[in-house]
Amino acid sequence: MGHSVLVLEEHEAIGEPVDCSGVVGREAFTSLGLPATSIVDELRRVELIAPSGATIEYHPAQPLAYLVDRTAFDRSLATLARDAGATIRTSSRVVDLQTERSGVTLDVRGDGQQLHVSAKAAVIAGGPRYRFQESLGMGRPSRYLRTVQTELPMSYDGETKVFFGRAIAPGSFGWFLPICRQGAQHVKVGVTATAESQTAFLQFVAHLQQHGLLNGHRVASKSWMIPIRPLARTFAERVLAVGDAAGQAKPTTGGGLYYGLLCAQIAAETLSHGLHAGALSAASLAAYELRWNDVLGKELRTALWFRRVVQRLSDRDLNVLFDVILHENLLAWVDHRVNFDWHHQAILGIASRPRFALALMQGLLRSWLPA
Ligand SMILES: Cc1cc2nc3c(=O)[nH]c(=O)nc-3n(C[C@H](O)[C@H](O)[C@H](O)COP(=O)(O)OP(=O)(O)OC[C@H]3O[C@@H](n4cnc5c(N)ncnc54)[C@H](O)[C@@H]3O)c2cc1C
């Protein structure tokens, strides 16, 4: 857009370390014109597993999503940015961000150097960290998922498996995701949970071992947070927040890549307009939040509502829901309404089916009654 842009990344290499499963819907590539070079596999077959062990198989006609090599994905974005004229400085950690009447100033450290940068505006895109946003009055997300994931070199020929149940992933789900990268087979194993994700992860691994899916593999793991509710304000004087830094991930799955990129595009357009018009006040940049809310607001609200309801359910109630889905053949009904990135329509559709709604309400009632 003709502006001078500096990207500051604290790590030495773009895209490392990887804290992601790399599942990205097809729409991200078609609607944003992303290079497909980072796609290594497709998500074609999924098996959903109830706490009881009952399974629902989902084999959509089209691949549900792509599996990307997240390092290659980030590097392809960096190449696009450089080709468009941006300067990228790695090993450069922003340690302070101040806004003034005439611009923003950043203190940057790395590689034994210290740098002072002045700019007309700044975009905070530092993932799930909220120090700068809090100091600028933008708040921090009020809801998170805790996530633990590891990747193991092993081959598995079957489908991706998604496990539900309080012992495995309290209030959320665990995944077993086979992926083939440069001819080598791997499996990503992880959980998202509303609490105690490390304990849940160890129980999940033990569960997989018991069922012969992991055989004696040593499992090292790291844990992260995914915000599932946006900041109170994603804009301030001369500043915008984007991606996890703004809390723009899907409350259902915790996927944040596509929504973050959609918001990044809106942020770039809003800032470009503000830079040309000399209008970078908080009031002018509020247009960013209005626009991204227009695109994502309904999705995020519906998905958060659904997550909050489902995460209250006991294993017994989840088993009942699975039963309803199986016996009402709801997956076939939902098939042409399901979109990997947009869940509002499918959630409202499924939640308004009488047997599903009844099972959901009974589960909710039980969760409110004393044990
Ligand atoms: C285990 C796990 C699995 C996931 N799987 C998926 C998935 O399959 N699909 C999906 O869509 N999403 C997934 N997500 C979510 C997804 O990874 C995030 O939503 C996405 O990475 C957010 O992108 P971002 O650019 O906002 O932040 P990040 O990817 O976190 O990037 C922020 C960058 O800024 C750098 N940084 C931070 N602070 C500073 C600073 N002060 N100075 C300089 N640099 C700084 C960080 O080091 C980092 O490199 C997953 C998350 C986790 C934890």
Side-chain angles (χ1 to χ4, degrees), residues 6-29 32 34 38 40-41 43 64-71 73-75 77-78 81 88-97 106-111 115 117 122-133 135 141 144-151 160 162 169 172-175 177 179 188-193 197 201 221-228 230-231 234 240-264 267 340-341:
L6 173 65
V7 181
L8 296 157
E9 164 59 49
E10 63 187 348
H11 290 104
E12 205 178 323
I14 301 284
E16 291 177 16
V18 175
D19 305 335
C20 186
S21 305
V23 185
V24 184
R26 282 146 43 95
E27 191 180 307
F29 290 89
L32 296 173
L34 302 179
S38 61
V40 291
D41 215 336
L43 188 60
L64 195 57
Y66 293 126
L67 303 180
V68 303
D69 176 334
R70 177 68 200 266
T71 303
F73 183 80
D74 285 15
R75 287 183 183 165
L77 294 182
I88 301 180
R89 270 185 80 109
T90 52
S91 301
S92 300
R93 178 170 164 68
V94 179
V95 292
D96 193 31
L97 188 165
L106 311 179
D107 283 332
V108 184
R109 287 204 196 129
D111 269 351
L115 192 73
V117 178
V123 178
I124 306 177
R129 299 185 205 172
Y130 303 100
R131 182 163 68 90
F132 298 136
Q133 294 89 315
S135 72
Y144 300 91
L145 290 176
R146 294 176 200 287
T147 302
V148 182
Q149 180 184 259
T150 194
E151 182 180 295
T160 293
V162 182
S172 204
F173 60 89
W175 61 93
L177 176 71
I179 180 168
K188 292 188 188 237
V189 172
V191 293
T192 63
S197 54
F201 180 73
S221 60
K222 213 170 120 188
S223 103
W224 299 271
M225 286 197 315
I226 303 179
I228 52 166
L231 302 181
T234 53
L240 297 179
V242 158
D244 279 13
Q248 289 159 335
K250 291 178 214 165
T252 41
T253 61
L257 287 170
Y258 183 40
Y259 284 7
L261 285 166
L262 279 177
C263 293
F340 185 76
D341 292 303

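Whatever order the structure lists them in is the order used to number ligands and atoms, beginning at 1.
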Taking R75 for the side chain and I14 for the main chain, is one N or O donor matched with an acceptor at less than 3.5 Å? yes
Picking from R89, R93, R109, what satisfies side-chain hydrogen bond (donor to acceptor under 3.5 Å, both in side chains) with E10? R93
H11 heavy atoms, cut-off 4.0 Å: which ligand 1 atoms fall inside? 47 (O), 49 (O)
Pairs of nitrogen or oxygen atoms closer than 3.5 Å, one from A245 and one from ligand 1: do any exist? no
By number and element, which atoms of ligand 1 are closer than 4.0 Å to a non-hydrogen atom of S92? 42 (N), 43 (C)
Ligand 1 N/O within reach of G255 N/O, cut-off under 3.5 Å: no
Non-hydrogen side-chain atoms of W175 and V23 separated by less than 4.5 Å: no
In terms of its nearest heavy atom to atom 48 (C) of ligand 1, the top option of R131, E9, E16, R109 is E9
Residues G243 and Q248: closest non-hydrogen pair is N-OE1, 2.7 Å
If the contact criterion is a heavy-atom separation under 4.0 Å, does G254 count as touching ligand 1? yes
Please confirm whether the backbone N or O of G110 pairs with a side-chain atom of S92, one donor and one acceptor, at under 3.5 Å? no
Do W224 and Q149 have side-chain N/O donor and acceptor atoms under 3.5 Å apart? no
With the side chain counted from C-beta on, respond yes when L34 and V24 share a heavy-atom pair under 4.5 Å apart, and no when they do not. no
May I ask which of D244, V68, I124 has a heavy atom nearer to atom 24 (P) of ligand 1 than the others do? D244
For atom CD of E16, is the number of surrounding heavy atoms from other residues, nucleotides or ligands below 6.0 Å larger than 12? yes
State the atoms of ligand 1, each with its element, that fall below the 4.0 Å cut-off from a heavy-atom position in G243. 26 (O)
contact_flag A249 ligand 1 heavy-atom lt 4.0 Å: no
Which ligand 1 atoms, with their elements, are less than 4.0 angstrom from a heavy-atom of W224? 1 (C), 53 (C)
Starting from atom 7 (C) of ligand 1, what is the nearest protein heavy atom, named by residue and atom, and what distance separates them? V23 N, 3.6 Å
In Å, rounded to the nearest 0.5 Å, how long is the span from SG of C20 to NZ of K188? 7.0 Å
Check: of Q248, R129, M225, min heavy-atom distance to atom 39 (C) of ligand 1 comes from R129
State, to 0.1 Å, how close P128 and D244 come at their nearest heavy-atom pair, and which atoms those are. N-CB, 3.7 Å
Heavy atoms, side chains only, cut-off 4.5 Å: are Y130 and P227 in contact? yes
How far is atom 30 (O) of ligand 1 from its nearest protein heavy atom, and which residue and atom name does that atom have? G127 CA, 3.4 Å
Within ligand 1, which atoms have a heavy atom of Q149 less than 4.0 Å away? 1 (C)
Determine, using heavy atoms of V24 and all atoms of ligand 1, whether some pair is separated by less than 4.0 Å. no
Of the protein's non-hydrogen atoms, which lies at the shortest distance from atom 4 (C) of ligand 1, and what is that distance? S21 N, 3.4 Å
Pair D19 + R70, salt bridge at N-O below 4.0 Å: no
Residue-ligand contact A125/ligand 1, heavy atom below 4.0 Å: yes
A student checking ligand 1 against L8 at a 4.0 Å heavy-atom cut-off should list atoms 43 (C), 44 (N)
Could you check L177 against L67 for side-chain contact (heavy atoms from CB on, under 4.5 Å), going step by step and ending with a plain yes or no? CA-CA 10 Å; L177 176 71; L67 303 180; 4.1 Å; yes
Would you say A246 contacts ligand 1, with heavy atoms under 4.0 Å as the rule? no
Counting non-hydrogen protein atoms only, what is the nearest one to atom 42 (N) of ligand 1? Give residue, atom name and distance. V94 N, 2.9 Å
When you measure from atom 1 (C) of ligand 1 to every protein heavy atom, which one gives the shortest distance, and what is it? T147 CG2, 3.3 Å
With heavy atoms of R93 as the reference, note each atom of ligand 1 found under 4.0 Å away. 41 (N), 42 (N), 43 (C)
Is there side-chain contact between T192 and T253, with at least one heavy-atom pair below 4.5 Å? no
Tell me which protein heavy atom sits closest to atom 44 (N) of ligand 1, plus the residue, atom name and distance to 0.1 Å. E10 N, 3.1 Å
Among non-hydrogen protein atoms, atom 13 (C) of ligand 1 lies closest to C20 SG, 3.6 Å
In terms of residue, atom name and distance, what is the protein heavy atom nearest to atom 29 (O) of ligand 1? R70 NH2, 3.0 Å
Say you draw a straight line from CD1 of I228 to OH of Y144; how long is it, rounded to the nearest 0.5 Å? 10.5 Å
